[in-house]
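Working notes, structure below.
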Amino acid sequence: MNYLQDSAIVSNVSTRKRGVPNPLQWIGAAVLGFFTEIGRLTVFSARVKFAAFTPRWYVGQIWRQIINIGFYSLPVVGLSAVFIGAALALNIYEGGSRYGAEQFVPNIVVLGITRELGVTITGLMLAGRVSAGISAEIGAMRVTEQIDALETLSASPYRYLYAPRFLAAIVSLPLLVLVADTIGVMGGWLVSVYGLDFDSTTYLRNTLDFMTTEDVLVGVIKAVVFGAVIAIMGCYQGDRSEAGATGVGRAATLSMVGAAVLVLAANYLLSTLFVEIGL
């Protein structure tokens, strides 16, 4: 028995000498890395917002980014919205038919689209398209030292690169959400009228009577927050991109995943806040 204990002690000592880390060290390093990353992201976000809301503004860059983020995202947002609205109407009809409540299909469709699904689906679509695109573009500029060249010429990358994308995102996303709401509701109308034998006039009247300004406002407020999250994550990961194609690709992946997770988390927090204040 003593021999076995001595062998175990010798084994532990030799393992430590070989430098094998303790599991507690892994956990501690992960926690410290997590908070370090939060700190860096917070500082970066603050600098981007300061550059966005103080002069000077590069109007040409802002307008170019509005076109890239907003206009070029219309096809994917529109297609996503129409199918979400159609699927929502079908599922609500199927569930309501079990209790004889099919007449509430237009009410629930417009409520779900304007307050939740329209803005969330739009945010997730742009997290994939816009955030990854911004990260890849800025990452390529970082690894080819174009951003260093801007700084050498006394041009702040926060004002020239990051702030225009941030402002364009918080302007474009609410407009895209309004488009998605309209198309999503019409997708539910198409399925209900031509697939479920609803009367078109009655469906539209019930939709307009049930929808309130607060429902639309909730989606627009969420869209502003989602736009800020998407732009900042794309710029942050692109700015920290490592050299090589692998580094740029990894930055694009991290920005897309991070933006999607933060969009869902922000959606829950904002929904809770709106319920608490009665909006």
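Atoms considered below: every heavy atom in the structure, side chains included; atoms not considered: hydrogens, waters and symmetry mates.
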Straight-line distance of [X] [atom1] to [Y] [atom2], nearest 0.5 Å:
X    : Y    : atom1 : atom2 : answer
I27  : L32  : CD1   : CG    : 12.0 Å
L161 : C235 : CG    : SG    : 8.0 Å
F210 : I108 : CZ    : CD1   : 7.5 Å
I170 : R165 : CD1   : CZ    : 14.5 Å
L262 : S255 : CG    : OG    : 11.0 Å
L217 : E214 : CG    : CD    : 7.5 Å

task = Please report the C-alpha distance between Y162 and I138 in whole Å, then the side-chain angles of each, then the deciding distance to 0.1 Å, and finally whether the side-chain contact (heavy atoms from CB on, under 4.5 Å) criterion is met.
result = CA-CA 9 Å; Y162 309 149; I138 292 179; 3.6 Å; yes

ask   = Would one find more than 12 heavy atoms of other residues, nucleotides or ligands at under 6.0 Å from atom CZ of F274?
value = yes

query = Does CZ belonging to F53 count more than 12 external heavy atoms closer than 6.0 Å?
reply = yes

Same cluster (ILVMFWY, side-chain, under 4.5 Å), [X] and [Y]:
X    : Y    : value
L126 : V257 : no
I221 : I277 : yes
F198 : V82  : yes
V261 : M233 : no
F166 : I147 : yes

Beyond-backbone contact of [X] with [Y], side-chain heavy atoms, under 4.5 angstrom:
X    : Y    : value
V105 : N206 : no
V216 : M211 : yes
R159 : Q61  : no
L167 : W57  : yes
I66  : F71  : no
F50  : Y158 : no
I67  : Y72  : yes

message = Before you tell me yes or no, could you show the steps for I232 and L41 under side-chain contact (heavy atoms from CB on, under 4.5 Å), namely the whole-Å CA-CA distance, both residues' side-chain angles and the distance that decides it to 0.1 Å?
response = CA-CA 9 Å; I232 288 175; L41 180 59; 4.0 Å; yes

Ignoring hydrogens, what is the shortest heavy-atom contact between [X] and [Y]? Give both atom names and the distance.
X    : Y    : value
A180 : G118 : CB-O, 4.2 Å
G227 : L173 : N-CD2, 3.1 Å
G128 : M256 : CA-CG, 3.7 Å
Y203 : V185 : OH-O, 4.4 Å
V220 : P174 : CG1-CB, 4.0 Å
A127 : S131 : O-CB, 3.2 Å

ask   = Looking at residues at least two apart in the chain, or sitting in another chain, which of them share a salt bridge (Lys or Arg N to Asp or Glu O under 4.0 Å) with R142?
value = D148, D239

inquiry  = Under the rule for salt bridge (Lys or Arg N to Asp or Glu O under 4.0 Å), what residues qualify as partners of E116, not counting sequence neighbours?
reply    = K222

inquiry  = Using the rule given for side-chain contact (heavy atoms from CB on, under 4.5 Å), can you reason through L196 versus L90, listing the C-alpha separation, both sets of side-chain angles and the distance that settles it, and then say yes or no?
reply    = CA-CA 8 Å; L196 303 176; L90 284 172; 4.1 Å; yes

ask   = So which pairs with a foot in residues 229-265 pass ring pair (Phe, Tyr, Trp, His ring centres under 6.0 Å), sequence neighbours left out?
value = F44-Y236

ask   = Which pairs with one or both residues in residues 122-151 pass ring pair (Phe, Tyr, Trp, His ring centres under 6.0 Å), sequence neighbours excluded?
value = none

inquiry  = Checking one residue: L269. Which other hydrophobic residues are in its cluster under the side-chain 4.5 Å linking rule?
reply    = Y268

Linked hydrophobic residues, V248 as query - side chain contacts closer than 4.5 Å = V143

ask   = For L74, which of L175, I183, L176 qualifies under side-chain contact (heavy atoms from CB on, under 4.5 Å)?
value = L176

query = What do the steps show when you test L208 against V110 for side-chain contact (heavy atoms from CB on, under 4.5 Å), and what is the final call?
reply = CA-CA 9 Å; L208 294 175; V110 70; over 6 Å; no

ask   = Has the side chain of S135 got a donor or acceptor atom that lies under 3.5 Å from a matching backbone atom of A251?
value = yes

Which residues pass the side-chain hydrogen bond (donor to acceptor under 3.5 Å, both in side chains) test with [X], sequence neighbours left out?
X    : result
Q146 : T144
D215 : R115, T212
S73  : R129

request  = Any chance you could lay out the side-chain hydrogen bond (donor to acceptor under 3.5 Å, both in side chains) test for S241 and R250, step after step, and finish with the verdict?
outcome  = CA-CA 8 Å; S241 178; R250 182 173 181 271; over 6 Å; no

task = Using the test ring-ring contact (aromatic ring centres under 6.0 Å, His included), find all partners of Y160 that sit at least two apart in sequence or belong to another chain.
result = Y58

Salt bridge (charged side-chain N to carboxylate O under 4.0 Å, His left out) pairs, two or more places apart, involving residues 199-209 = none

message = By the side-chain hydrogen bond (donor to acceptor under 3.5 Å, both in side chains) test, which pairs, at least two apart or in different chains, include something from residues 172-197?
response = W189-S200

